[in-house]
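Below is one structure, written out as structure tokens; the observations come after it.
Chain A is the first sequence line, chain B the second, and so forth, proteins listed ahead of strands; every chain is numbered from 1.
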Amino acid sequence: MNAIAKLKTDITPDGPDYNTVRRVIELITEDYRDQPSLETIADRLGQSPTQLQKTFTRWAGLSPKAFLQAVTLDHAKRLLREEDLPLLETSFEVGLSGPSRLHDLFVTHEAMSPGEWKAKGGGLVIRYGFHISPFGLALIMVTDRGLAGLAFSDSGDEKACLEDMSCRWPNAQYVEDLQATMPYAARIFEPSKWSSEQPLRVVLIGTDFQVRVWESLLKIPMGRAVTYSDIARDIGQPTAMRAVGAAVGRNPVSFVVPCHRALGKNGDLTGYHWGLTRKRAMLGWEAGRA
DNA sequence: TTGGTAATCGACA
DNA sequence: TGTCGATTACCAA
């Protein structure tokens, strides 16, 4: 194994589990009416039930049974319904460069408008790298100001993924640099390394409206969810839910800015740039850790 | 329930 | 200016 490949696999040894999990989620979603048993699923995947059992607990922190429930529509509804405490209202004062997200991964963020970004010209260097993550391959992009982009890809689609991200900031100069991105990967996907003492530095590059939407997302605690209209209300434009949806979809730092915690009003998972299956996986994974 | 549709607003061409 | 969403609420079969 060469040095780079080693770097990739060292991050999260359980990375390959995602492939199994992804297929299970797909199966369940297809015929969720039948409530397939563990045996049925294991059978369809050509694995033994015990093996599958082990994979799940390792990946999700939940028994398969609990996991199945977590991925179900009912559970998503519950995430929304348990809204006794004022979700978005509380947390922290979120101002520019303030720490946010009281309940899990702390980040400090600064905003950069497209204008500012452009003014810097092509001088800005973005270092990127792919790393194994619990949700497939993660493309991480950093500038000297902090984390600027986080995207996901299945193995084999790296090129498309990189293109998807890099065309958002056409003027930048892109350099592959796993040494630079690896520490981010290690930190982001390992909840035991989340701390408020040393928040993760993030640069939000987008329009004023988009940044406001993303700040709102940062306030959603782990294992909870809100609707698109909740967000619209939070930023003071209750009727702009449609525009909010569009802005959420452009979130360049997925997972860290938890756009997977935005659901339709009835608990449906409406959309996700990197695939609905991945959105389900994230919610299930968080359910096991919340 | 399911399916069509108008209202609404930021981004982009 | 005109089009297009990771939305919603409402109304008709």
Nearest listed nucleotide, side chain of [X], among [options]:
| X | options | answer |
| --- | --- | --- |
| Y228(A) | dG10(B), dA6(C), dC12(B) | dA6(C) |
| K265(A) | dT8(B), dA9(C), dA11(B) | dA9(C) |
| A243(A) | dG5(C), dT7(C), dA6(C) | dG5(C) |
| H273(A) | dA6(C), dT8(C), dT8(B) | dA6(C) |
| A240(A) | dA11(B), dC9(B), dG5(C) | dC9(B) |
| R250(A) | dT8(C), dA11(B), dG5(C) | dA11(B) |

Starting at [atom1] of [X] and ending at [atom2] of [N], how long is that distance when rounded to a whole Å?
| X | N | atom1 | atom2 | result |
| --- | --- | --- | --- | --- |
| I235(A) | dT8(B) | CD1 | C1' | 13 Å |
| Q237(A) | dT7(C) | CD | P | 17 Å |
| N251(A) | dG5(C) | CG | P | 19 Å |
| D208(A) | dC12(B) | CG | C1' | 17 Å |
| I220(A) | dA6(C) | CD1 | P | 18 Å |

Any side-chain N or O of [X] under 4.0 Å from OP1/OP2 of [N]?
| X | N | result |
| --- | --- | --- |
| T239(A) | dC9(B) | yes |
| T207(A) | dG10(B) | no |
| S229(A) | dT8(C) | yes |

| query | Does the pair D234(A)/R212(A) count as a salt bridge with the N-to-O cut at 4.0 Å? | reply |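 No, no charged N to carboxylate O under 4.0 Å.
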| request: State plainly whether the residues R278(A) and D154(A) are in salt-bridge range, i.e. N to O under 4.0 Å. | output: yes
| field | S195(A): side-chain hydrogen bond (donor to acceptor under 3.5 Å, both in side chains) partners, not counting sequence neighbours | value |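 With neighbours one apart ignored, the set is empty.
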| For DNA chain C, what are the stems built from at least three Watson-Crick or G-U pairs in a row, each pair having both distances below 3.5 Å? |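 Runs of three or more consecutive pairs: B:1-7 with C:7-13, B:9-13 with C:1-5.
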| query | With a non-hydrogen cut-off below 4.0 angstrom, is Y272(A) in contact with a base, only sugar-phosphate, or nothing? | reply |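 Base contact.
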| How about E110(A) and L204(A): do any of their side-chain heavy atoms sit closer than 4.5 Å? | no
| Should T55(A) and R58(A) count as side-chain neighbours, where that means a heavy-atom distance under 4.5 Å? | yes
| task | Evaluate the ring planes of H260(A) and F255(A), with Trp represented by its six-membered ring, and classify them as parallel (under 30°), tilted (30 to 60°) or perpendicular (over 60°). | result | parallel
| query | Any side-chain donor paired with an acceptor under 3.5 Å for N251(A) and S254(A)? | reply |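 There is no such pair between these side chains.
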